[in-house]
Amino acid sequence: MDVKTLSAVIGHVSSSTTLNIYAHVTDEMRRTAAIKIDQGVVKSEAQMENQPVPRKPAPSAFQPYKGQRRKLGTGCVTQINDHLWEGRYSPVWPDGKKHPGNVYTKTREECERLLAEMILQMKVEIAAEKERLRLEEQAG
């Protein structure tokens, strides 16, 4: 599956987030890239240290990223890079669909604070929507 599709499926804002969490470079990948650069740019014969050039990178011991589990209803906070944090909350609304909300800040503390405020606001909106639907059912 391509990175863009995977990123959308697992709910990341951008494919760079997916790549930062799940992708990594091995020594074998570095060697192969160096040989290809040497052969392509310099057009010289590269010599490996008694190792054939692999056609595909060797499989790695992939371990999926397991973030900290937060209590249900508290959202999640992710560090995107050195100066960017993302807070995400995706509650299920009365229409049965998830309506995600995101906040972006420069520090984890600020992200936690803004995420908590956003969650409270979304819970108020969900309660208002439930009440509106209840009144609609009674009237109709």
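Residue numbers run from 1 in the order of the sequence given.
Grouped with Ile80 in one hydrophobic cluster are Val13, Leu84, Tyr104, the linkage being side-chain heavy-atom contacts under 4.5 Å among Ile, Leu, Val, Met, Phe, Trp and Tyr residues.
The heavy-atom pair separating Pro100 from Arg88 by the smallest distance is CB-NH2, 3.8 Å. The heavy-atom pair separating Cys111 from Gly87 by the smallest distance is SG-N, 3.3 Å. Nearest heavy-atom pair, Lys130 versus Pro94, reported as atom, atom and distance to 0.1 Å: CG-CG, 3.5 Å.
Put simply, OG1 on Thr17 and CD on Gln79 are 11.5 Å apart, with the number rounded to the nearest 0.5 Å. Note that NE2 of His83 is 12.0 Å distant from OG1 of Thr107, once rounded to the nearest 0.5 Å. Atoms OG and CG, from Ser90 and Asn102 in turn, are 7.0 Å apart once rounded to the nearest 0.5 Å.
Checked against salt bridge (charged side-chain N to carboxylate O under 4.0 Å, His left out), Asp82 has no partners two or more places apart in sequence or in another chain. With sequence neighbours excluded, the residues that form a side-chain contact (heavy atoms from CB on, under 4.5 Å) with Ile10 are Leu6, His12, Thr18, Tyr22.
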Please list every donor-acceptor pair under 3.5 Å in which a side-chain atom of residues 115-124 meets a protein atom from a residue at least two apart or in another chain.
unit_1 : atom_1 : unit_2 : atom_2 : d
Glu117 : OE2    : Arg113 : NH1    : 3.1
Gln121 : NE2    : Glu125 : OE2    : 3.2

Side-chain polar contacts of residues 132-140 - donor-acceptor pairs under 3.5 angstrom, sequence neighbours left out - could you list them?
unit_1 : atom_1 : unit_2 : atom_2 : d
Arg132 : NE     : Glu129 : OE1    : 3.1
Arg132 : NH1    : Glu136 : OE2    : 2.5
Arg132 : NH2    : Glu129 : OE2    : 2.7
Arg134 : NE     : Glu131 : OE1    : 3.2
Arg134 : NH2    : Glu131 : OE1    : 3.3
Arg134 : NH2    : Glu131 : OE2    : 2.5

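Pairs passing the ring-ring contact (aromatic ring centres under 6.0 Å, His included) check and including a residue from residues 121-140, sequence neighbours excluded, do not occur.
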